[in-house]
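Working notes, beginning with the structure itself.
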Amino acid sequence: MNEKFLKPYNSAETEDSISKKWEESGYFNPDNLPERHKESFSIVLPPPNVTGVLHMGSALMLAIEDIMVRHNRMKGKKTLWIPGTDHAAIATQAKVEKEIQKKEGKSRHDLGREELIRRVDAFAKESRDTIVSQIKKMGASVDWSREAFTLDEKRNLAVRTAFKRMYDDGLIYRGYRVVNWDPKGQTTISDDEIVYEPRRSKLYTFKYSKDIPITISTTRPETKLGDTAIAVHPDDPRYQEYIGKEYDAVFAGEPIHLKVIADQVVEKEFGTGALGVTPVHSAVDWEIAQRHGLPLKQVIDEYAKVMTGMETVKGKKTAEARDAVVAWLKEEGLLEKEEEIDQNVATAERTGGIIEPLPKLQWFIGVNKEFEKDGKSATLKGLMKKAVESKSISILPDRFEKIYFNWIGNLLDWCISRQIWYGHRVPVWYRNEEIHCGVEAPSGEGWIQDEDTLDTWFSSGLWTFSTLGWPEQTEDLKNYHPTSVLETGTDILFFWVARMILMSSYLLGEVPFRTVYLHGLVRDSQGKKISKSLGNNIDPLDLIAKYGADAVRMSLIVGVGPGSDSKVGEDKVKAYKNFANKLWNITRFILTSTENSSYDPSFAEWSEADAEIMKSRDLLISEITKEMDEYKFYLVAEKIYHYSWHEFADKIIEESKAVLSGTDVKVRESRVQVLLHTHRLILKVLHPFMPFVTEEIWGEMDSGNLLLVESWPQI
RNA sequence: GCGCGAUUAGCUCAGUGGUAGAGCGUCGUCUUGACGUGACGAAGGCCGUAGGCUCAAUCCCUACAUCGCGCACCA
């Protein structure tokens, strides 16, 4: 017996050497797997953002995916798990810009486009290295030879190709309209990147001037300098006589001209039932303005400052300008009411900036635009809906299918252009009146490429196939797409999962994956959300150093079903560290008490008691094998734990002490074999969950294969 | 406002139309040769509330409450 079994299990000493063995074996790469591995099983790792380090959520993700991957590899599947990182455009650029500003006092404009990108790239590279080492620490059996980055050369080709195809089909278009402008990030963002924050704010009810008979309500008086109409409901008796009339006034120093119009969207019950229409600073008002041909008048700029009006207003930030306008309204005796209301303020997900609706010329993906697909008319929205409706994709837990459909139903065109520098540049070039969209730059002089870059989710949307070599028709693409499972957090169902379905359905004519497994949020032991600002951040690497990766994995898995949030505290992790040690001691007992025998796979002379033991053991294994295929890892982990400790160790091994010191040679040998057989089976079924300790023990029990590629028990 | 989920032991969660389960924690006993990171044992639950279906409900149905989530509204 190896001396190390005389001491308690030491995860820190074991894990690195086991990692090395796995890497040297090359088995993480399916091309190197033994002959029996035929049918494929593939997963893409949701690429972590290069903005930072891994957190508990990443650890959970890696644990679940590695369980699926190891299980399927043992089942004899040709298993591919592709790792990578995400350039996370806005988030990464914002982070690096902030650092440069802090350390050097320079803005991105001081550095220029090229230099900034160079800096961000350097940061991304460093961050990528950290992430890679963290993924390895968790024991994730990803194929590093196929690692990808959402912003590398190959993925850039995929992005340009996808853009061009959609452009040619008329699905990508350039349009001028009110978009979500983030003054903090200095870029537009999509509807999905908005986070609504509930706040108390004031609703002001007032008249534009003494001469205008209609009273309106707003939470944003400072935008009213840009009003060009008052809208009322067509059936509202209070305002019938005014419809069609026009008024002039000077509002907070700004001359305005208002036309009273009737529109169905106005709610009679809200406020005064009359709505001041600000065409370019509200998406709803923009629509109204379009229907009625109203003039457009911008009064707020990209820095959220008011561009016009009297001295106390002009050049001021919106909040300050609002107070000034209200003060003016009071002075003029125009303010009728001021009340507190609950409001949801739109903020940018990445920067926290308050969204300012602004009119902009941007690139969009038209989700309702009809195009020819296999000779039939289709829309992107329709494709996204059909993929799930037809059960080509199933989502776990299935209640998220409803949430998905709900989202699709409300979906508007996707704004994909961003005014930042870090990202895939829009593959469109301009020369005078000419426009060229292409995979490559046009030849000839004088072409200027579009300054904008693409929403990071555009490139992420291609991930299941861009990582496999698309647009080239590679072997990998043929072998591994559609991927088997997509495992990710519930929070990016729309951002990512839906966009992948869109891109794959449109570009490849097939779903990107068969099953979506969604995990919830990892919270601290009090149930609070883990965040740096709350100071309750848990670093998975600290836990691994203290308790071992196996213990961390188990603690994240047990009792946590798909879609539900979990709570993790050190106590739980510690419990599974103890379990790893228990397995260690079980092994020591077996090694010492079976010294004179060896494992005999074809042994058949079982004693009556041992036949009983095998019967209930095999029942358990067939049960958990079924549950593994149903993604019930949270149950399986607990069952194996329970069987190993409270059945195998506490009952079977305890009872064996007497049997093994008995005189009946046949009964003794039967018991030795049942211990050896059961021990091996436990190691096998536990391996996907606790890969390190099981591999280490396996190495001691068996000089042959790595447990990594042993076959899952066939019962 | 619409929709979804949760509510079971001190805590975290399984579970089934017929006497309630696990882990952790708590308490007690044990220096037994695999392991004190342990063993054995114990305490602890009107299974959110109120109705209904049923011979029988923690489980099915209805309403309500509380917590959480998604969407919409946000003039």
Side-chain angles (χ1 to χ4, degrees), chain A residues 1 5-11 196-199 201 203-206 215-221 223-224 227 230-232 265-267 269-278 281-285 288 341-346 397-411 490-491 493-494 520-521 523 525-527 529 547-548 551 554-555 558-561 563-593 632 634-635 637-639 641-642 645-646 649-651 653-654 656-657 661 675:
Chain A
M1 182 170 65
F5 279 95
L6 299 175
K7 292 180 297 186
Y9 176 62
N10 185 326
S11 58
Y196 290 99
E197 279 182 17
R199 282 187 203 169
S201 49
L203 181 68
Y204 303 94
T205 301
F206 60 89
T215 306
I216 63 150
S217 298
T218 185
T219 50
R220 301 201 55 193
T223 65
K224 301 286 107 183
D227 282 13
I230 298 171
V232 298
V265 301
V266 181
E267 279 184 41
E269 286 72 29
F270 192 95
T272 62
L275 161 65
V277 183
T278 323
H281 298 299
S282 151
V284 179
D285 293 11
I288 297 174
I341 58 159
D342 289 312
Q343 212 201 193
N344 283 328
V345 177
D398 60 7
R399 65 191 152 90
F400 280 91
E401 292 184 359
K402 283 179 202 159
I403 296 174
Y404 176 82
F405 289 131
N406 193 329
W407 177 81
I408 302 252
N410 294 313
L411 192 58
T490 54
D491 51 338
L493 177 62
F494 307 140
L521 230 53
R523 298 170 179 277
S525 54
Q526 322 293 318
K529 203 166 166 172
Y547 303 106
M554 280 296 272
S555 70
V558 172
V560 183
S564 55
D565 291 356
S566 56
K567 297 181 192 178
V568 171
E570 280 204 37
D571 281 352
K572 193 171 178 187
V573 187
K574 204 172 149 192
Y576 293 105
K577 177 197 160 75
N578 292 350
F579 179 50
N581 192 54
K582 186 74 185 181
L583 288 170
W584 199 249
N585 286 310
I586 287 172
T587 304
R588 184 190 308 158
F589 175 83
I590 289 184
L591 285 170
T592 51
S593 57
K632 292 179 179 167
Y634 55 106
L635 287 182
E638 196 177 346
K639 283 183 183 179
Y641 171 93
H642 197 255
W645 200 317
H646 301 299
D650 288 348
K651 300 214 171 81
I653 285 183
E654 283 307 320
S656 298
K657 289 172 183 170
S661 61
L675 289 175

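Chain identifiers are assigned alphabetically (A, B, ...) following the order of the sequence lines, protein sequences preceding nucleic acid strands; residue numbering begins at 1 within each chain. The basis for the numbers below is simple: all heavy atoms, side chains too, and nothing from hydrogens, waters or symmetry mates.
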Are OP1 or OP2 of B:rA14 and a side-chain N or O of A:H642 less than 4.0 angstrom apart? no
It should be established whether A:Y641 places a side-chain nitrogen or oxygen under 4.0 Å from OP1 or OP2 of nucleotide B:rC24. yes
[X] [atom1] to [N] [atom2], straight-line distance once rounded to whole Å:
X	N	atom1	atom2	result
A:Q343	B:rC74	CD	C1'	6 Å
A:Y634	B:rU12	OH	C1'	15 Å
A:H646	B:rC24	NE2	C1'	11 Å
A:E269	B:rC73	CD	P	17 Å

Kindly write out the residues that satisfy salt bridge (charged side-chain N to carboxylate O under 4.0 Å, His left out) with A:R220, not counting sequence neighbours, or none if the list is empty. A:E222, A:E356
Salt bridge (charged side-chain N to carboxylate O under 4.0 Å, His left out) partners of A:D571, counting only residues at least two apart: none
Between A:Y641 and A:Y576 (judged by ring centroids, cut-off 6.0 Å), do the two rings come close enough to count as a pair? yes
Letter by letter from the 5' end, nucleotides 26-35 of chain B scores (B base, S sugar-phosphate only, - none; protein heavy atoms under 4.0 Å) --------BB
Starting at the 5' end of nucleotides 5-11 of chain B, put B wherever the base has a protein heavy atom under 4.0 Å, S where only the sugar-phosphate does, and a dash everywhere else. S------
For a quick check, tell me whether the side chain of A:Y196 and the base of B:rC74 share a donor-acceptor pair closer than 3.5 Å. yes
Does [X] reach a base, just sugar-phosphate, or nothing at all? Heavy atoms under 4.0 Å.
X	result
A:F494	sugar-phosphate
A:N410	sugar-phosphate
A:I341	nothing
A:V266	base
A:S564	nothing

Expressed in whole Å, how much space separates the P atoms belonging to B:rA20 and B:rC47? 10 Å
Write out the stems for RNA chain B, ordered by first number and formatted as range with range, counting runs of at least 3 consecutive Watson-Crick or G-U wobble pairs under 3.5 Å. B:1-7 with B:65-71, B:10-13 with B:21-24, B:26-30 with B:38-42, B:48-52 with B:60-64
A:D398: which residues meet the side-chain hydrogen bond (donor to acceptor under 3.5 Å, both in side chains) condition with it, sequence neighbours left out? none
